Trainee: 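Supplied in structure tokens, the structure appears directly below.
When a ligand or atom number is given, it counts from 1 through the structure's own listing order. Remember, predicted model here, so these are calculated numbers, not experimental data. Heavy-atom basis, side chains included; hydrogens, waters and symmetry copies ignored.
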Amino acid sequence: MYTTLLSLFSFVVLLSYFIVKPTWEYLRDPKGLRRYPCINPLAGVTNLGFMWEAYTGIRSKKLYEMHKTHPVIRIGPNSLSYGSVNAIKDIYGHNSRCTKDVFYEALSGSHFHLADVVDKGEHARKRKMMSSAYALKNLEGWEYKVADKTGRFIKACDAHCTTPLSEGRVTPDPQDLKFDYRAYSNFFTLDAIADIGLSERLGFLDAGSDKVVGEKMDGTIYEVESYRAGLHATAKAQALIVWATEWYDFNSKYVSKIFPSFRKMWKLNEGWNDLVYHRATKRLARYRAGEKLDDFFQALMEDKNGNPNNLEWGEVIAEVSIMLNAGSDTTALAMNNVMVWLLKNPECLSRLREEVDAVLDPEEIVAPYDKVKHLPYLRACLDESLRVTPSTTFGLPRRTPPEGSKILDEWIEGNTTVSISAYVAHRDPVIFPEPERFNPDRWLGEKGKELQPYFISFSTGSRGCIGRNISYLEQTVLLASVVHRYGLALPHPGWEQDRWETTNLMAGPLPMKVWRRDLSVAKP
Ligand code: HEM
């Protein structure tokens with residue numbers, strides 16, 4: 001009898017909490033959000049609606065399709081997505097009163113890092129501390145590290161070269177698809193950021209693998225199977241469940257108990273945490289031994305006058321973690337994407353080669369940054385690729401201030417989540433005509449400069465990317481060096497890369513045929 005009553009009571013409580021209350025809130029509509037169409041029938045009532053979108057497809061693509069007819073779409077009970085570039089300054093601009101959303105707090109660890117700290121004052125403190133390390137004046141210091149990684153990339157690529165594709169052929173023999181450009185560009189950025197940030201040589205490019213040592217909090221050292229698998233699994237698992245922010249901790253703990261695929265992803269996530277921890281402890285040991293190294297870790301420990309920053313160890317680890325994460329995957333995706341676009345648009349590749357060949361000597365293997373940094377077409381190719389396939393596609397969630405805020409000329413009540421996906425913004429046909437076409441020319445000259453306010457691959461405003469300069473340096477040197485030295489081919493002209501969306505637009509393997517160009521008769 002008691003059991004029956006208890007079950008009935010539990011049923012009523014659960015029903016009220018999960019169905020009656022949200023439905024009542026939806027109908028009550030205190031913020032007036034019912035005036036906006038929903039991404040799916042569930043989205044106005046529960047965050048399960050957006051979680052379903054995350055599980056079943058590429059959210060940003062669906063938003064893009066819907067935004068063609070609706071400027072604002074409700075993607076959660078308290079969350080709006082915008083489709084017009086005119087919303088950028090209202091949400092992300094320097095004068096916007098919006099802050100980062102609770103989304104970031106849900107994902108944070110014991111300590112905030114530069115990218116997930118919400119409090120504006122705390123963010124300003126961190127940003128000031130890191131800005132001298134990330135400043136443009138350090139470019140010279142990073143350049144030789146990037147040149148070193150490019151040399152190693154080229155060595156690996158040389159080892160995978162095949163004979164040139166015969167004249168007129170566009171489809172290589174499948175056994176010639178020996179070089180996974182996606183994997184190697186990721187090895188490149190991982191090796192580069194470990195060197196720039198921590199003065200550590202990971203050696204992934206040399207080994208052609210991303211096996212790495214990790215360390216548990218109790219000091220146990222072990223080999224983590226794959227750096228990338230850890231990083232990518234973490235992102236995938238988070239992107240499936242984070243949308244119900246207040247349930248994130250509960251879900252991350254219990255969803256794993258129900259679904260084996262989640263268990264696997266969280267296991268890989270442990271590997272990721274352990275490898276970050278090991279990088280930090282190793283670097284700390286060098287710092288304590290008195291080594292003065294010119295890297296980001298040094299900037300975390302001391303200001304430029306050598307005064308200690310006295311950060312808690314948890315904060316140092318958090319900063320190392322975001323540096324290794326944000327500093328690698330996004331740039332690797334950008335390198336992958338521009339290569340795919342160029343191979344699918346051979347006329348653009350030819351024009352780029354002409355530009356690069358004109359400044360590099362035939363025997364030059366690693367493009368000196370000085371020679372290629374101002375090449376307009378090269379930069380236009382990078383930006384056009386970042387426009388049409390931004391590495392970070394998800395709408396970066398911001399929260400309106402408690403008193404509310406005007407967005408796209410409409411008043412939005414306080415504490416509402418608002419966002420605009422770069423994937424959507426960059427397809428606004430008024431600013432970017434023929435948005436699906438890879439057209440680097442749109443970035444050239446004065447007209448190109450006018451597009452900059454609408455280019456949000458690195459976000460904008462006070463929370464814009466701090467690593468942008470490093471990323472352009474890496475992308476520019478690698479792309480110039482590769483197109484100068486190699487001929488490259490996709491598996492076939494209509495080939496499409498496997499894609500899925502986390503916070504980034506992720507990409508599966510990119511198997512390519514590569515061969516050395518004959519630079520004595522260099523023609524594009
Ligand atoms: C193509 C390459 C890159 C892209 C597309 C990119 C994109 C972004 C975006 C969209 C944000 C805003 C995130 C948000 O609001 O949630 C961001 C912030 C950030 N990025 Fe990048 N990023 C790139 C490269 C890098 C690199 C190389 C580093 C480090 C070396 C880096 C470190 C950071 C950090 C620390 C933040 C947080 C900044 C803050 O809130 O003050 N990023 N990036």
Trainee: Considering the heavy atoms of G464, write down every atom of ligand 1 situated less than 4.0 Å from one of them.
Mentor: 38 (C)
Trainee: List ligand 1 atoms under 4.0 Å from A115, heavy atoms only on the residue side.
Mentor: 37 (C), 40 (O)
Trainee: How close does the nearest protein non-hydrogen atom get to atom 10 (C) of ligand 1, and which residue and atom is it?
Mentor: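 For atom 10 (C) of ligand 1, the nearest protein heavy atom comes out as S457 O, 3.4 Å.
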Trainee: Which protein non-hydrogen atom lies closest to atom 1 (C) of ligand 1, naming both residue and atom, and how far is it?
Mentor: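 Atom 1 (C) of ligand 1 sits closest to the protein heavy atom S471 OG, 3.3 Å.
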Trainee: Got an N/O contact under 3.5 Å between R398 and ligand 1?
Mentor: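 Among all N and O atoms of R398, at least one is under 3.5 Å from an N or O of ligand 1.
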Trainee: Regarding atom 38 (C) of ligand 1: of the candidates R127, K100, K126, which has the closest heavy atom?
Mentor: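 Checking each option, the heavy atom nearest atom 38 (C) of ligand 1 is found in R127.
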Trainee: Return yes if a side-chain donor-acceptor contact under 3.5 Å exists between S471 and Q475, otherwise no.
Mentor: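 Yes, Q475 and S471 have a side-chain donor paired with an acceptor closer than 3.5 Å.
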Trainee: Please work out which of the three classes, parallel, tilted or perpendicular, describes the rings of Y287 and F297, given edges at 30° and 60°.
Mentor: perpendicular
Trainee: Nearest non-hydrogen atom to atom 4 (C) of ligand 1 belongs to which of N325, T330, I193, D329?
Mentor: T330
Trainee: Below 4.0 angstrom from a heavy atom of L114, which ligand 1 atoms are there? Numbered from 1 as shown, please.
Mentor: 35 (C), 39 (C), 40 (O), 41 (O)
Trainee: Do R379 and Y472 form a cation-pi contact, if we require the NZ or CZ to be under 6.0 Å from the six-membered ring centre and within 45 degrees of the ring's axis?
Mentor: yes
Trainee: Under a 4.0 Å heavy-atom limit, does H113 contact ligand 1 with its side chain, its backbone, both, or neither?
Mentor: neither
Trainee: So F458 and F455, would you call those rings parallel, tilted or perpendicular, with 30° and 60° as cut-offs?
Mentor: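 Aromatic pair F458/F455 classed perpendicular.
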Trainee: Does the N or O separation between Y134 and ligand 1 drop below 3.5 Å for any pair?
Mentor: no
Trainee: Going by distance alone, is a donor N or O of one side chain under 3.5 Å from an acceptor N or O of the other, for T389 and W341?
Mentor: yes
Trainee: Do the side-chain N and O atoms of R353 and H484 include a donor-acceptor pair separated by under 3.5 angstrom?
Mentor: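 Short answer, no.
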Trainee: Under 4.0 Å from a heavy atom of S459: give me the atoms of ligand 1 that qualify, with their elements.
Mentor: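 Counting atoms of ligand 1 from 1, those under 4.0 Å from S459 are 10 (C), 12 (C).
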Trainee: Parallel, tilted or perpendicular: which describes the rings of W443 and F432, with under 30° parallel and over 60° perpendicular?
Mentor: tilted
